[in-house]
Amino acid sequence: MKYFPHTQDDIDKMLQVAGVKSMDDLFGEIPGQLLFNREFALPEAMSEVEIRKFFDALGKKNNQLICFAGAGVEDHYSPSIIAPIISRGEFLTAYTPYQPEISQGTLQYIFEYQSMISELTGLDVTNASMYDGTTATAEAMMMTVAAAKKRNKVLVSDTMNPKVKRVIETYAMYNGVTVETVAQKDGVTDLEQLQQKLQGDDVAGVIVAQPNFYGIVEDYSGVADMCHEKKALLVMNANPSALAVLKSPAEWGADIACGDGQPLGIPMNYGGPYVGYLSCTNALVRKLPGRIVGSTTDVDGKRAFVLTLQAREQHIRREKANSNICSNQSLMALYVTIYMSVMGYKGLREVNKLSYAGAHYLSEQLVATGKCSMAFDKPFLNEFAIKTTVCAKQVQAALLEKGILGGVRIADDMLLLCVTEQRTKAEIDLLVETVRNL
């Protein structure tokens, strides 16, 4: 019982209250075939040195590939300064910062995170982060329904990442929300169909992506007016790194912006943890789930930070909450805050400039091989869909032999390729040469 604080006397008292005589009696109703009746396959105890060597050897079994895959997770540079800063004590004073007097470090960096994301999105307020971009988008959907009150239909563009769309549909299923898809046309949202679907006057919100799943930078001119005319809200799922060079959601007239902060320097980490962001206009601030940190002054007139608008927090008015989210990816929020602080506006623009140049060079070289053609004749930033004359699975297999993760297969003859500032010309040329020799 090394890791349990209960003494035998504690256990006996609890069993007495439960009305049973032993632990076996407590679990007696569980069928025998479900019980684990053998020894755990645990290794013998090891020293710290042995443990480190064991995991180093285990890690070396991973095949480190040159990543040309995106689809929501991108291989961006992460400045080395981030790791030592996130371990500093002043940023780890409290996981749940209900007591501001002992949580100033945590509250300050969350405030800075909110400020920076708001600057990228152009919207008035940002919450204290979400678990990931998919759930942030689903929460945005719930915000539109809560704001509309008597409307429960949400339109989602078919150019949205399919994984995000599935999470939206899952949330909708258990919250009485109807989700309808707006078709795509040549890789972009069919605005004519969107206009038609808005005519019913029963739509609470419209959700679009920027750039979209195919990497295309869509033109959403007039879409916000189209939505607002029918009293629907516009939600834009946007890559936050790309917002350093693209029009912000606010400039498109969006009411809510959401997405994943992973492109802001968070390593791919085999799928997580990441961080979702969620921003909105002032008019929707009381529908915003999660926490909001505000700046104030203490009794001595010094700047201080507190949780604000707590009357609409789940831990105080739970029966009126739009969401059951009551936590956040605080460490990851700190991670992207330091990343944005270090990179600055110029650094983020440089990241996108290099990624854009690499992606367009790759697309041009692939088309020149005669083995590929662009799937869509549309503007893109650092990700694009390409058609192959041979099976896409065969292309990926050939690239894998060269140590390259060859994009994401989205059709039998189509790959989604992503280039970031991490990719060198030599790596791109190796990919092109491999495809040329198929």
Side-chain angles (χ1 to χ4, degrees), residues 69-76 113 117 120-121 123 126-146 154-175 177-182 184 189 204-215 218 233-243 249 254-280 287-291 322-333 335-336 383 408 410 416 418:
V73 180
E74 301 178 354
D75 183 24
H76 284 285
Y113 162 84
I117 296 296
L120 283 176
T121 62
L123 293 169
T126 297
N127 76 356
S129 77
M130 311 292 286
Y131 292 123
D132 52 38
T134 54
T135 51
T137 309
E139 296 285 359
M141 172 199 69
M142 297 303 299
M143 284 179 66
T144 67
V145 175
V154 175
L155 305 180
V156 181
S157 172
D158 197 34
T159 64
M160 181 70 63
N161 187 319
K163 294 179 181 178
V164 177
K165 192 168 183 290
R166 286 200 294 271
V167 173
I168 291 172
E169 290 168 348
T170 299
Y171 270 60
M173 180 188 302
Y174 296 102
N175 285 280
V177 179
T178 300
V179 174
E180 287 190 9
T181 300
V182 178
Q184 58 173 295
T189 308
V206 175
I207 307 177
V208 297
Q210 186 72 308
N212 71 22
F213 177 63
Y214 304 109
E218 294 203 38
L233 298 176
L234 177 60
V235 178
M236 187 169 288
N237 177 300
N239 180 323
S241 177
L243 293 180
D255 303 282
I256 303 171
C258 55
D260 205 302
Q262 188 276 330
L264 296 174
I266 298 179
M268 293 185 289
N269 287 338
Y270 301 97
Y274 301 146
V275 61
Y277 77 86
L278 187 56
S279 304
C280 67
K287 304 298 181 183
L288 191 65
R291 302 190 182 98
N322 296 325
S323 166
N324 66 356
I325 183 83
C326 59
S327 186
N328 71 309
Q329 288 288 55
S330 186
L331 183 64
M332 294 296 99
Y335 201 106
V336 301
E383 194 167 12
V408 176
I410 55 177
L416 187 62
C418 178

Closest approach of V336 to V275 (non-hydrogen atoms, all atoms of both residues): CG1-CG1, 4.1 Å

What are the two closest non-hydrogen atoms of S279 and Y277, and how far apart are they? OG-CD1, 4.1 Å

side-chain contact (heavy atoms from CB on, under 4.5 Å) with A136: which residues, sequence neighbours excluded? M130, C258

Just wondering, do V154 and E180 contact through their side chains at under 4.5 Å, heavy atoms? no

Under a 4.5 Å cut-off applied to non-hydrogen side-chain atoms, are K287 and M142 in contact? no

Sequence neighbours excluded, the answer for side-chain contact (heavy atoms from CB on, under 4.5 Å) partners of A204 is T144, V145, A148, R151

List the residues meeting ring pair (Phe, Tyr, Trp, His ring centres under 6.0 Å) with Y335, not counting sequence neighbours, and say none if there are none. none

Taking the side chain as every heavy atom from C-beta outward, state whether L243 and T121 have any atom pair closer than 4.5 Å. yes

Test of understanding: with side-chain hydrogen bond (donor to acceptor under 3.5 Å, both in side chains), list the residues that count as partners of D260, not counting sequence neighbours. none

Check: Q210 and N237 side chains under 4.5 Å, non-hydrogen atoms: no

Over all atoms of both residues, closest heavy-atom pair of M236 and P249: SD-CA, 3.9 Å

Qualifying residues under salt bridge (charged side-chain N to carboxylate O under 4.0 Å, His left out), relative to D75, sequence neighbours excluded: R423

I'd like to know if the side chain of Y214 pairs up with that of E383 as donor and acceptor (distance under 3.5 Å, no hydrogens or angles considered). no

Does a donor on one side chain and an acceptor on the other come within less than 3.5 Å for D158 and T181? no

With V408, which residues qualify under side-chain contact (heavy atoms from CB on, under 4.5 Å), at least two apart? A69, A71, I410, L416

Could you list the residues that satisfy salt bridge (charged side-chain N to carboxylate O under 4.0 Å, His left out) with E169, not counting sequence neighbours? K165

Heavy-atom side-chain proximity of I117 to L264 below 4.5 angstrom: yes

Checking E74 now: which residues fulfil side-chain hydrogen bond (donor to acceptor under 3.5 Å, both in side chains) with it, not counting sequence neighbours? H76, N239

Test item: I256 and L234 side chains (from C-beta on) under 4.5 Å apart, heavy atoms: no

Closest approach of P240 and L120, non-hydrogen atoms and distance? O-CD1, 3.6 Å

Show your working on side-chain contact (heavy atoms from CB on, under 4.5 Å) between Y274 and M268 and close with a plain yes or no. CA-CA 8 Å; Y274 301 146; M268 293 185 289; 4.2 Å; yes

Who are the side-chain hydrogen bond (donor to acceptor under 3.5 Å, both in side chains) partners of E218, not counting sequence neighbours? T159, T189, N212, Y220

Can you tell me how far CZ of R166 sits from OG1 of T134, rounded to the nearest 0.5 angstrom? 10.5 Å

Can you name the residues that form a side-chain contact (heavy atoms from CB on, under 4.5 Å) with Y270, not counting sequence neighbours? N62, Q64

Could you tell me whether the side chain of T137 reaches within less than 4.5 Å of the side chain of I207, counting heavy atoms only? yes

Using the side-chain hydrogen bond (donor to acceptor under 3.5 Å, both in side chains) criterion, which residues pair with N161? Sequence neighbours excluded. none

Please answer whether the main-chain N or O of P289 pairs with a side-chain N or O of N127 as donor and acceptor at a distance below 3.5 Å. yes

Grab the two heavy atoms, one from A128 and one from Y113, that are nearest each other, plus how far apart they are. C-CE2, 4.3 Å

Please assess L288 against L278 for the test side-chain contact (heavy atoms from CB on, under 4.5 Å), listing each intermediate value before the final yes or no. CA-CA 8 Å; L288 191 65; L278 187 56; 3.7 Å; yes

Quick one: pull up CG in D255 and CE in M143 and give me the separation to the nearest 0.5 Å. 9.0 Å

For Y171, run the side-chain contact (heavy atoms from CB on, under 4.5 Å) check against T135, V177, V179 and tell me which one passes. T135

